[in-house]
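Reading through the structure tokens given below for one structure.
Here is how names work: the chains are called A, B, and so on, in the same order as the sequence lines, proteins then strands, and each is numbered from 1.
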Amino acid sequence: MEAFLHQVFSGLANGAIYASLALALVMIYQSTHHINFAQGELAMFSTYLAWAMINAGLPYWAAFGLTVVASFFIGLIIERAIVRRVADAPVLTVVVVFIALLVILNSVTGWIFTYTIKVFPSPFPEEPLFGPYISSHEAGVVGVSIFVLVTLFLFFRFTPLGLAMRATAENAVSSRLAGIRTGWMLALGWGIAAAIGAIAGMMVAPIVYLDPNMMSGILLYAIAAALMGGIDSPLGAVIGGLTVGVLENIMGAYVVGTELKLTVALVVIIGVLIFKPTGLFGRSFVTRV
Amino acid sequence: GEQQTDDQDASVDEIKIGSTNPYSGPASAYGTIGRAESAYFKMINDQGGINGRKINFISLDDGYSPPRTVEQIRKLVEEEEVLFLAGTLGTPTNSAIHKYVNAKGVPHVFVNTGATKWGDPQNFPWTMGFNLSYSNESKIYAQYVLENKPDAKIAILYQNDDYGKDYVHGLKEGLGDKADTMIVAEASYEVTDPTIDSQIISLRASGADTFYNVTTPKFAAQAIRKANDIGWKPLHLLNNVSTSVGTVLEPAGLEKSVGLITALYLKDPVDPQWADDEDMKAYTEWFNKYMPDESIDDAFNVNGYIIASGVARLLEACGDDLTRANIMKQMASIKDLQMPMMLPGITWNTSAEDFFLIESAQLARFDGKEWALFGDVIGN
Amino acid sequence: MGGLYVNRTRLILVALVVVLACALPFVLSSYRVFQFNMVLVYAIVLLGLNMLTGFNGQISLGHGAFYAIGAYVAAVLMDHWGVPYWVTVPVAGVICFIAGFLFGLPALRLHGHYLALATFALGISMPQILKYKGLEEWTGGVQGIVILKPEAPFGLNISQDQWLYLFTLIIALVMFWLAWNLLRGRIGRAMVAIRDHPIAAEAMGIDVAAVKTLTFGVSALYAGVGGALGAIVVQFVAPDSFVALVSITFLIGIVIGGLASISGVIYGALFIQFVPNIADEISKAAPWAVYGLFLLAFIFLAPAGIAGFVRALWARLTTGSTRKKRAAQTQET
Amino acid sequence: MAGSINTSKVAESQQANSVLLRVAGITVRFGGIVALDDVSFDVRRGEIAGLIGPNGAGKTTLFNCLSRLYDWQNGSIEFEGTPLADVRRHRVAELGIGRTFQNLALFKTMSVRDNIKVGAHCRSRGGFLANALRLPLTGREEPKVDARTETLIELLELGEVADIPAVDLPFGTQKRVELGRAIAAQPSLLLLDEPAAGLNHQEVETFIELIRRIHEELSLTILLVEHHMNLVMRVSDRVFVLDFGRKIADGTPDEIRRDPEVIRAYLGTDS
Amino acid sequence: MPILEVSGLCAGYGASDVLHDVSFSVEQGGITTILGANGAGKTTVLRALCGMLRSARGSIVLDQVQVNGKATESIVRLGVGHVPDGRGTFMNLTTEENLRVGAMTRRDKAAVAADFERVFSYFPRLKERRHQQAGTLSGGEQQMLAISRALMLNPRLLLLDEPSFGLAPLVVQDIFRIMRTINEVQKVAILLVEQNASLALDLASTAYILETGRVVMSGPAHELREAESVRKSYLGY
Ligand SMILES: Nc1ncnc2c1ncn2[C@@H]1O[C@H](COP(=O)(O)OP(=O)(O)OP(=O)(O)O)[C@@H](O)[C@H]1O
Ligand SMILES: Nc1ncnc2c1ncn2[C@@H]1O[C@H](COP(=O)(O)OP(=O)(O)OP(=O)(O)O)[C@@H](O)[C@H]1O
Ligand SMILES: [Mg+2]
Ligand SMILES: [Mg+2]
């Protein structure tokens, strides 16, 4: 029983990691209707920036803040310089651009910072929170995810900017006819997503260590989480993330063993999607003729 | 297939050597090994080459994908017409070309993985591995456990690929009849897993008092830290792949690493015990000059350095007889060779029947600062 | 899709390419022949994927899985039962067809990103399944299977590489012919109609579910045939040969080549075969970055894929009439 | 197709006035919205029936039921005696119900010609195998489809644009393509959802001619939704009126034009 | 002083032009209508005005500001409401969100709230459907929504591309009444593209006839109403 609980808590902790990146995916989806495969690498790159700043002697929170801001601008610039050019292209073309970004970021980071793992500090205290079950940092990640979730939710639901972004993602032409500066909305979406990604990266790195491939595995889980929760729902991303985390642990520890746990977890997720094709919390939209 | 005999003309002033490494893709952390090898040969060439010949080391990217390895090796053999192959990295990748290079009669030496199959002169006379084989290393741990903790309950964490499985297999062989009773839990992970926390929890819950940790650096660091954090204090046997003080133990926490036991055969540039070692000085000097952008912490570079120096040594031994047959002959007649950066007493030995280059290691326990070697050099 | 008129210039062009392809193994070195052999293999796989994703609009990020199944079917048949290599190819095709069809059934419920995820999951899981203990007896587990290279038959005096290339070429030509027939006829129109407007397609009497699942099956069949040929050419299969990246590479192939274009898959195959090597030659420090830059450059210069680029060029060269140009934009070659 | 004129005339006289489509007590709800409320009517073979009503009255919803895109909660629909509830979506066209869409549902990237060919899908045969292997069946079927398509292209005067992707055409032309696509399926009942929307006066006149012509030549039964009163009243034999999902009137155009309820709910005074 | 003055406008999609040397104007507070057959280029004119066509050349002056080459959103922010061809509904937003998007550029909260009530009073149907996903609205309801969305912008110049499209006769009458009201009460200038020529010519003061991308006739609406060719093609008597 103790081990079981332990698995559940550890799953929740992992799930919070997935959720934090999944939130960035939801953000970019809401504002561009794309799933950004480079989101993980972008987050990883941001985390290296933070690491470099901390190494250069900056205090944690200063580095944190600067990184979030810098990442925002990096996202903005990537959108304006690269993604913008394929705005009217078919989805798959955009996907290839994302893949290009992914490999470039991964490779360049490895080149600059080498592939050895780096320790990234946690802003939370060392002592565990609930006995050995969950460390303060892990609890902190959960907290940060929930904070980002609530912020995003409020942002999209209640601010005009959030509405403008959703409108732009859905119908850029009509949005422009409503006077929305769609170019900036897309860039802003990228910026915010990159900033959220940076937070995710800085939350994840203390747990998995910082290395250029830090996010590639996590991205997969984050995508699964975001889709299971519903790609347009911040709440879905978090619940999806936590579910995937726990599901995977339970599968691995008690049901199918570690060798097939990912496979089985994915099968379960797809099963859920077949049952509910827009994810657990995703809104289903009707297309009528 | 036809056997080619396009051995290189001894009169040429350049020796072409081929290799593959994952410079791109998810395994690109190993890329630094290839870069270290290239850097070493650069140094050799700067010093005038070997027997007056420059070395042209062509190391191609295979992205750790077997089909691409086949392609690149064919390019090296058929287009570049390299004299031989050295330091090709990875088990699946080398498996893909194993038959081809032997059919072609191209020396395929210093194969950079620890699988057992690289030492099979009967069937594959052109292939010889470099590392202490994973299974031999495992047997050292098995022997240690059998002697020091005969009623150990062992839990194993391993990477779900041939590297991991070779280790597990070796341990089971080493434990013999007792394997079934002693091994109480096994858990695997995929390289794409973000963490191995769940596996550690499961292994601990099995009631094991001995932990066989067969993981690559990142996961090793995670495992050491996690085991410690949840208060699991087993006899912790760590595979040689991840013994780097700089890139594994420091990230895991030096205090959390106290008590780890491993089998060592290389010197670690970060381990303070070698600070004044002559080998290490030469290494550091070379590193700072030829690999200024890379990380000295990274023990992978040592691997590349030794392979390259082994190749240099081999060419010296070949003299002017740069035929493929002679290369294999020299490769298979190494006697008690003490190479730089190898632990004292760990020598290279081969023969026509024995295609295992490194067959010994010495146990070491981490004391929070350095790997304290103990016991004799084990193996032949 | 429209106006797939077989005019004379096109016929001549196709004939020229075929003749060139036949001559290739007799003028190039063995190693190059091997590379072009892989191009043919990839072209077959891409053709299937393009059918599914380009023409039918079902995104697959997991075709590497069917490629793997095809490869393993061939390897296991040859290794375990000594089945002749040429028999394994159709068998792999049929098995993959069934696998693809079965996967296509639940996939019917999923759309867009959700389908992409489901297929991606398949691609990710495949290596794990291949390593699985329960299948080890067949698959050789992590060790994989080494296959022998076939000799040229009928006492032909050509090398193994040349023979394999020609063998692959014959199969590729057949596969292209079949795809051409399929895509330009009734079913091909139905596939595109489903992609463009599934509701209207159904209202026009197209059995959307059947066409989609069968397209999935056929597309997997192509991947399986490609996989089997790839295994024979490389002479080795292992789980590490079929990681998720392979699926992504295939996707890159069809996009760079040109979505919903038959000729595009050849360009795409050339790209995925040769560009990584070029990247490697440019930089050892960060070859992936170079590869990524190549990707971006191609996308920016040829947003409709190389096939689209060639088509536009062709249109500009041949006629000045705007009508034709416009028609050419969405036509496929 | 052209040859069918005579035979169908005979058939028409035999079956004249028989019920082709029977809608009985159909109710459709979306959450709280009742889009159709116990609607019943018959369409007789060979007639042109008009279906009018205010915006949101449920006309398109009814069409969507007829093509099985929507499920209804109550009631039944029979087409030539077959209960539609038992018919799967893609069988509807084969059964003989063809339609156009209010907001256009063309296959955008396909040429006009191919759009029309897809319309003929349900009247041709040949599956994956036959197509891929070019079995004799395909050799027989494709020319038939080609011929039919060319006839329609001519009938609808689409020759100029036959090779242009549908998406690049002006709205009115797209509507004509949709019409062509629908009749390529050789339906016995043609559902037209606002076919004349966006046409100017002269174009409406031409369109009326066209409707009459295809009605005649192809011996079709037509159910027509339109807000263009001039058109509806001139071509329809009978008109049904929906309001808030309920049928509020049916009768000849003259009767409808005078119906006070219809005037109040729909026509207004100055039309 | 015209609020909109267009001269020598050429524009198209891709290689060839659809519009050739089109010139017209809309008076401050006036109503101008453009009539023309299917495919004549009416929609293209409106698109060009709003900077939606990169190929557009010629001069477009909006209230003394040259707007050629400006981004659509910048032109819109000068006070141009556009009811586009095809309605441009945000299918996955609710009716209310659609309207809020329409009012996105405005900061005057109270006035926006008042405008909400105003468009709901014009189209009670929309109020009933307030929280419904706009993509599920009926065609006519979406048309009402498109008009309302443009009104929410509180424009000075309203471009209407077939506002009566798909609307029931009664609603068409309403719409024209509404247009007249906003024109008279709020002094909104209107450029109207409409197939219902009779109503359009009644409402407008100036009219232009477009044929294959060229203005072939123009003048006061009541004069055009009498012209033989206009009567035959557009009015039917
Ligand atoms: N899928 C749906 N979900 C929710 N409401 C719907 C759906 N489809 C239709 N409705 C509602 O049902 C009502 C009837 O819609 P329908 O499209 O049938 O109207 P219509 O008579 O065709 O109107 P119009 O003349 O404007 O096209 C509308 O009020 C619409 O909002
Ligand atoms: N997106 C487009 N791409 C290419 N050609 C187009 C596009 N939109 C319109 N056209 C072409 O431009 C010409 C003018 O079209 P436009 O839509 O301006 O006509 P219109 O007068 O508004 O007609 P309608 O009465 O159908 O609305 C037509 O020939 C049409 O085919
Ligand atoms: Mg309707
Ligand atoms: Mg128009």
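- Both the backbone and the side chain of C:Gln273 have a heavy atom closer than 4.5 Å to some heavy atom of chain B.
- Looking at C:Gln235, there are no atoms closer than 4.5 Å to chain B (heavy atoms on both sides), in backbone or side chain.
- Between chain C and the options B:Pro67, B:Gly25, B:Ser65, B:Ser28, heavy-atom pairs under 4.5 Å are most frequent for B:Gly25.
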Exercise. B:Phe300 and B:Tyr30: ring-ring contact (aromatic ring centres under 6.0 Å, His included), yes or no, with the steps?
Worked result: CA-CA 7 Å; B:Phe300 281 160; B:Tyr30 298 113; 5.1 Å; yes
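- Heavy atoms of B:Lys165 lying under 4.5 Å from chain C belong exclusively to its side chain.
- Results of the side chain to side chain contact (heavy atoms under 4.5 Å, CB included) test with C:Leu61 over C:Leu251, C:Leu122, C:Ile124 single out C:Leu251 as the only residue that passes.
- Using modelled atom types, one finds no donor on one side chain facing an acceptor on the other under 3.5 Å when comparing B:Thr247 with B:Asp298.
- When the candidates B:Tyr23, B:Tyr163, B:Tyr64 are compared by the number of heavy-atom contacts under 4.5 Å with chain C, B:Tyr23 comes out ahead.
- Of the listed residues (B:Lys117, B:Arg68, B:Arg35), the greatest number of heavy-atom pairs within a distance under 4.5 Å of chain C belongs to B:Arg68.
- Aromatic ring pairs are classed by plane angle as parallel below 30°, tilted from 30° to 60° and perpendicular above 60°; the pair B:Trp118 and B:His98 is perpendicular.
- Contacts with chain B were tallied for C:Pro276, C:Ser29, C:Ala279; C:Pro276 has the most, counting heavy-atom pairs under 4.5 Å.
- Judged by distance alone, the side chains of B:Gln72 and B:Thr20 never bring a donor and an acceptor atom under 3.5 Å apart.
- Neither the backbone nor the side chain of C:Asn37 comes within less than 4.5 Å of any heavy atom of chain B.
- With a threshold of 4.5 angstrom between heavy atoms, B:Asp62 does not approach chain C through any atom at all.
- When heavy atoms are compared at a cutoff of 4.5 Å, B:Glu71 approaches chain C by way of both its backbone and its side chain.
- C:Tyr67 and C:Phe242 have perpendicular rings, their planes meeting at more than 60° on a 0 to 90° scale where under 30° would count as parallel.
- Between B:Tyr40 and B:Tyr305, the two ring planes are perpendicular [angle over 60°; tilted spans 30° to 60°].
- More than 12 heavy atoms of other shown residues, nucleotides or ligands fall within 6.0 angstrom of atom NZ in C:Lys149.
- Only the side chain of C:Phe236 comes within less than 4.5 Å of a heavy atom in chain B; its backbone stays farther off.
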